[in-house]
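Throughout, protein chains are lettered first and strands after them, A, B, ... in sequence-line order, and every chain is numbered starting at 1.
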2 protein chains.
Amino acid sequence: MITRHSRIVRKEQSNLSSSIVSTLKDQIIHWHYPPEHRLTEAELCKKFDVSRSPVREALRVLASDGFLKKLPNRGYVVRQYNTGEIEELYEVRLALELYAVERLATKGPYNKADKEAIERLKKTWTGLLNGSSKKAEELARLDTLFHEALAHALGNRPLLQHLRAINERLMLFRMIDFAKADRVESTCRQHLDILNCIAARDTRGARAAMQRNIKEGQNNVHAAIKDALARAYLMRT
Amino acid sequence: MITRHSRIVRKEQSNLSSSIVSTLKDQIIHWHYPPEHRLTEAELCKKFDVSRSPVREALRVLASDGFLKKLPNRGYVVRQYNTGEIEELYEVRLALELYAVERLATKGPYNKADKEAIERLKKTWTGLLNGSSKKAEELARLDTLFHEALAHALGNRPLLQHLRAINERLMLFRMIDFAKADRVESTCRQHLDILNCIAARDTRGARAAMQRNIKEGQNNVHAAIKDALARAYLMRT
DNA sequence: GTACGCGAGATTGTATACAATTCTACCCAC
DNA sequence: GTGGGTAGAATTGTATACAATCTCGCGTAC
């Protein structure tokens, strides 16, 4: 692991541009910048101690992915979703996951790898139900992994990728969600419900369980969203 | 409209980089390049008569959006979806549109703008049912517009954007689909069914009609896909 | 004949120079 | 005091120079 500068992390044998993309994206996802915060090339060059070429390439990518908004001849501003758009993201998630879980419950016998994956999820979430308290961040990560594992088991790559793009933007709100004391237990039960329905080929039940799971998260976030934004603003570096 | 070079079209007051993005994306979408076709910076510089800076920025964006695959230190290759992935894209479309149409049928009275939009769609597709034959390309465009209008009426921007990203990749296959003689009439009926179900608040009916509509397209494409690829290859410039 | 190594060419990665555009602030006319 | 115009600073857009890395073929050793 080589670091050219303390602020930028170079993973594997990547280049400066992709390092800047992942660093900036991570910061935006975790709300280190307020909405509409302006980013100029010169500022980022100084911050990362690189020339404008990789910075420009990174900014274009981030703008294309919706993390930045490009102002014509005036640089970029951070694009944060507001309350309404966050709710809308939860809905898109719901649309994709309801479909995935329905297909998964319908399609019948899995191959060995899928069966093992489902078993592993069952074990993980049964374990979480019985004690072993974790931090909100870790729980959010495990929750994301659970939902992405289902999409993966369905074997639909594009669906998984769209889901990942959405989950990236919702990561902070998932953490807020799991900061609620009673949220872990209900999530465990919902996840086990989902898995059981899939195993029992109960299509309607699987959909219903998934809907409960996602909607509860959405409601928690909706209630806590102003608090969330305030915390995020404090957490920024 | 200023053109710096015959092969590249500059829209509005954009820059070279975004012009290259849209030009290349359009060519890839219409299969002007075979899968795995290699693109080098130097080649594109010559082709568009620009320097490497805008080309590099464009390539990174296209790679980030999944239109190109980046080989480490070896440039880029065109990323075309194979038969299986195209089917998967149709499934993601189905997931999003089933959800949208269900919500639309459920949510009750629209505002005036939505009502008008629905009325316009009804008129368009009633018109197409009664004669007025069009080319496959125009029909594909109208079909895409129909489906995106529904997502727009729902008022969920992220959902619309994900749908658009998918539709971009499916454009050529929609055209193939509409080249089938009897496809126009069945599409018109299905679209009118969908609109009527929405107006009647018939959630289940709306879902069923949408499912018929998308699945029929998917089946047509599946049957014709080898033919499609052959044509696309011939259509390339 | 095969394997290894070296080197030239090709290609991408990064930095910098220059051009074009836009914003801003100041000055002057009225 | 207000309005307009202009100069210069700030910022992005484009081109090019140089560095680093990889590819591939050729020659030589064994």
Side-chain angles (χ1 to χ4, degrees), chain A residues 1-25 33 36-79, chain B residues 1-25 33 36-79:
Chain A
M1 186 88 78
I2 300 160
T3 60
R4 182 198 172 89
H5 184 280
S6 61
R7 305 237 214 174
I8 190 173
V9 180
R10 305 194 68 166
K11 298 178 198 159
E12 299 161 13
Q13 73 283 20
S14 65
N15 46 36
L16 290 179
S17 175
S18 34
S19 302
I20 295 171
V21 167
S22 56
T23 303
L24 270 184
K25 187 195 282 187
Y33 304 103
E36 304 296 309
H37 177 81
R38 189 170 173 205
L39 293 175
T40 64
E41 295 176 4
E43 177 195 339
L44 294 170
C45 288
K46 220 167 32 178
K47 173 169 174 169
F48 294 133
D49 189 26
V50 297
S51 78
R52 284 178 60 213
S53 305
V55 168
R56 282 180 59 84
E57 290 167 13
L59 288 175
R60 284 209 176 271
V61 168
L62 289 169
S64 164
D65 290 348
F67 293 97
L68 298 175
K69 206 165 38 182
K70 187 162 151 21
L71 309 177
N73 293 312
R74 298 251 305 121
Y76 299 81
V77 294
V78 174
R79 168 91 170 80
Chain B
M1 184 88 77
I2 300 161
T3 59
R4 180 199 174 91
H5 186 279
S6 61
R7 306 236 213 174
I8 189 174
V9 181
R10 303 196 69 165
K11 299 178 198 161
E12 297 160 16
Q13 72 284 20
S14 66
N15 46 35
L16 291 179
S17 176
S18 33
S19 302
I20 295 171
V21 167
S22 56
T23 302
L24 271 184
K25 188 195 281 189
Y33 303 103
E36 304 296 309
H37 177 83
R38 190 173 171 200
L39 293 175
T40 65
E41 294 177 6
E43 177 195 339
L44 293 170
C45 288
K46 221 166 33 179
K47 172 170 176 168
F48 294 132
D49 190 26
V50 297
S51 77
R52 283 179 60 213
S53 304
V55 169
R56 281 180 59 82
E57 289 168 14
L59 288 174
R60 284 209 177 271
V61 168
L62 289 169
S64 164
D65 290 349
F67 292 97
L68 298 175
K69 205 165 37 181
K70 187 161 150 20
L71 309 177
N73 294 311
R74 299 252 304 123
Y76 298 82
V77 294
V78 174
R79 168 91 170 79

Self-check item: Shortest side-chain distance from A/E41, nucleotide among D/dG13, C/dT14, C/dA15
Solution: D/dG13
Self-check item: Sugar-phosphate, base or nothing in reach of B/R56, heavy atoms under 4.0 Å
Solution: base
Quiz item: Going from OG1 on A/T40 to CZ on A/R74, what distance comes out if it is rounded to the nearest 0.5 angstrom?
Solution: 10.5 Å
Quiz item: In Å and rounded to the nearest 0.5 Å, what is the CD1 to CZ distance from B/I20 to B/R56?
Solution: 12.5 Å
Exercise. From the options D/dA15, C/dT14, D/dG13, select the nucleotide whose nearest atom is closest to the side chain of B/R52.
Key: C/dT14
Quiz item: Looking across every strand, which nucleic acid part, if any, lies under 4.0 Å from B/T40 by heavy atom: base, sugar-phosphate, or nothing?
Solution: sugar-phosphate
Quiz item: Roughly how far apart are B/L68 CG and B/R38 CZ, rounded to 0.5 Å?
Solution: 12.5 Å
Quiz item: Quick one: B/L16 CG to C/dA19 P, roughly how many Å, whole number?
Solution: 17 Å
Quiz item: Do the side-chain N or O atoms of B/K70 get closer than 4.0 angstrom to the phosphate oxygens (OP1, OP2) of C/dT11?
Solution: no
Exercise. Check whether any side-chain nitrogen or oxygen of A/S51 sits under 4.0 Å from OP1 or OP2 of C/dA15, and answer yes or no.
Key: yes
Quiz item: Between atom OG1 of B/T23 and atom CZ of B/F48, what is the distance when rounded to the nearest 0.5 Å?
Solution: 5.5 Å
Quiz item: Should A/R74 be listed as having a side-chain N or O under 4.0 Å from OP1 or OP2 of D/dT12?
Solution: no
